Amino acid sequence: MCAPKRKGKKGKGKGTPVVDGLAPEDMSKEQVEEHVCRIREELDREREERNYFQLERDKIHTFWEITRRQLEEKKAELRNKDREMEEAEERHQVEIKVYKQKVKHLLYEHQNNLTEMKAEGTVVMKLAQKEHCAQEDMLRKDMRALKVELKEQELANEVVVKNLRLRHTEEITKMRSDFERQVREIEAKYDKKMKMLRDELDLRRKTEIHEVEERKNGQINMLMQRHEEAFTDIKNYYNDITLNNLALINSLKEQMEDMRKKEEHLEKEMAEVSVQNKRLADPLQKARDEMNEMQKKLGNYERDKQILVCTKARLKVTEKELKGLQWEHEVLEQRFMKVQQERDELYRKFTAAILEVQQKVGFKNLLLERKLQALNAAVEKKEVQFNEVLASSNLDPAALSLVSRKLEDVLESKNSAIKDLQYELARVCKAHNDLLRTYEAKLLAFGIPLDNVGFKPLETAVVGQTLGQGPAGLVGTPT
């Protein structure tokens, strides 16, 4: 595959097309082949994009068909569950009336039990008060005896404490006298040791001082002998040096006369040279200033030259990038127009489908509300009739207990059936909400904001049913 670096520009006016700044009749064979390769690459890319968008459209269509079939199935299931709920509600009302009669009997028995328990409680309270008074008298007697014992123990403890204090003072005086005696003995002992040590140290110091004085006197004698020998040697050496220095002084006087003459001649020459230096100092300073300015200009020129080379290279690169970006912009504009048309068509179809579903769901909700109101009214009427029947019929307790057990079993079965129906209803509502979420996600994926839909999707909610965020088939079972 050819990978062109520069993209051709399309002619904007009428006439012959221009490719890479050349007319087709002016192009060579290689240029034409390169242009054909570019056009084939664009064609392959466009085909891949067209296939991709067709696959996306087919996926959305199949997803819509599946959800529509699932919605119809759920509607049929919802109708069946509504009928089952109506039948269960009727049976439930019958059971409620039976339980109300049971509750009346239980309240009567409870009242009788309460009166009996109150009488028993009063008798028990009187007996407990008598026992409590007897125990209180016993405890007061015990408290008096304990107080007498406590006073006796306090007196005995005071006598013991006084005896202990006397013993303690006697022991302290004995220990103090013993410690003072021991301190005196120790002081006398260590005073003797200090005197003996002082005497020994004085003897050592005197002997060491005597030895040091003897060594010092011997060294002083040796140094005096060496000093006399060195003095005689130095005296002979300096006598020789003075004789040599006299001879040198005479020769140096002669050299000084010669040097004075040369110095006078050099002073004359130096005066002439200083005059010439003064004349040449100003031109030299000007030449140095000009040389510094020329060096600065040379450095600026080299730097400007490098910057110019870099800017030319950047300009060439940016021109190439500009041409490539212009060609890509034209291609992307064409793609954008196609995708925008497909998006508008999909948006129109999807909005129509959502409106239809929303209308159907709203109509069904209205029907369900009316049915629920009618059922509530019928339940209230039947409850009144059942209460009247129970009041008119005087049944024996055995028959009432049998009927109550049967009604409890029926109520349990009906409650379980109602819970199952509520679970199915919650699952259907969850499927509807999941469908709305997938629709919103697809709109966002195609770049359509939710505010441009034109209506607000209706989300259903079931009271008393807590659902998760999973798919519709994973609704939690009712507890």
Side-chain angles (χ1 to χ4, degrees), residues 60-100 350 352-386 403-440 455-479:
I60 292 168
H61 184 68
T62 52
F63 178 71
W64 173 250
E65 290 293 332
I66 290 165
T67 51
R68 186 173 60 79
R69 286 197 296 273
Q70 288 179 354
L71 186 61
E72 290 175 358
E73 291 175 358
K74 299 303 175 185
K75 287 176 182 177
E77 290 179 1
L78 189 61
R79 290 192 208 99
N80 296 327
K81 299 300 179 183
D82 289 336
R83 287 196 295 273
E84 292 177 0
M85 283 178 71
E86 291 173 0
E87 294 174 358
E89 190 68 27
E90 291 176 359
R91 290 192 292 271
H92 184 62
Q93 292 300 325
V94 174
E95 293 169 358
I96 286 170
K97 290 176 182 178
V98 174
Y99 274 106
K100 284 182 179 179
F350 204 67
I354 291 297
L355 285 171
E356 184 180 357
V357 171
Q358 192 175 9
Q359 289 174 0
K360 289 180 181 179
V361 170
F363 182 68
K364 286 184 178 179
N365 287 331
L366 184 61
L367 289 175
L368 289 171
E369 287 177 358
R370 289 180 181 176
K371 285 181 182 180
L372 186 61
Q373 291 175 1
L375 288 171
N376 286 329
V379 165
E380 289 177 357
K381 289 179 182 179
K382 289 181 179 179
E383 187 176 356
V384 171
Q385 291 174 2
F386 185 70
V403 171
S404 64
R405 282 198 297 273
K406 288 182 180 179
L407 285 173
E408 287 176 357
D409 297 335
V410 173
L411 278 174
E412 288 180 358
S413 63
K414 296 307 176 184
N415 287 327
S416 63
I418 288 167
K419 287 180 181 178
D420 294 336
L421 290 172
Q422 287 176 352
Y423 169 69
E424 290 296 327
L425 180 61
R427 195 165 64 83
V428 172
C429 293
K430 184 72 167 61
H432 175 71
N433 293 332
D434 291 339
L435 178 61
L436 287 177
R437 290 192 188 96
T438 52
Y439 157 69
E440 291 174 357
F455 62 92
K456 187 176 180 182
L458 180 63
E459 289 191 5
T460 59
V462 180
V463 179
Q465 185 74 24
T466 303
L467 303 178
Q469 297 297 326
L474 298 177
V475 179
T477 57
T479 56

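If you're wondering where the values come from, they're calculated on a predicted model, not measured in any experiment.
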Residue from Lys81, Lys74, Gln70 passing side chain to side chain contact (heavy atoms under 4.5 Å, CB included) with Val428: Lys74
Would you sort out whether Ile96 and His92 count as a side chain to side chain contact (heavy atoms under 4.5 Å, CB included), showing the intermediate values? CA-CA 6 Å; Ile96 286 170; His92 184 62; 3.2 Å; yes
Separation between NZ (Lys430) and CG (Leu435), nearest 0.5 Å, reads 11.5 Å
Going by an N to O cut-off under 4.0 Å, is there a salt bridge joining Glu73 and Arg69? no
With rounding to the nearest 0.5 angstrom, report the CH2 to CG distance, Trp64 to Leu71. 8.0 Å
Hey, are Arg83 and Glu86 close enough for a salt bridge, meaning a charged N less than 4.0 Å from a carboxylate O? no
Step by step, work out the salt bridge (charged side-chain N to carboxylate O under 4.0 Å, His left out) result for Asp434 and Arg437. CA-CA 5 Å; Asp434 291 339; Arg437 290 192 188 96; 3.1 Å; yes
Hey, is Lys75 close enough to Glu72 for a salt bridge, meaning N to O under 4.0 Å? no
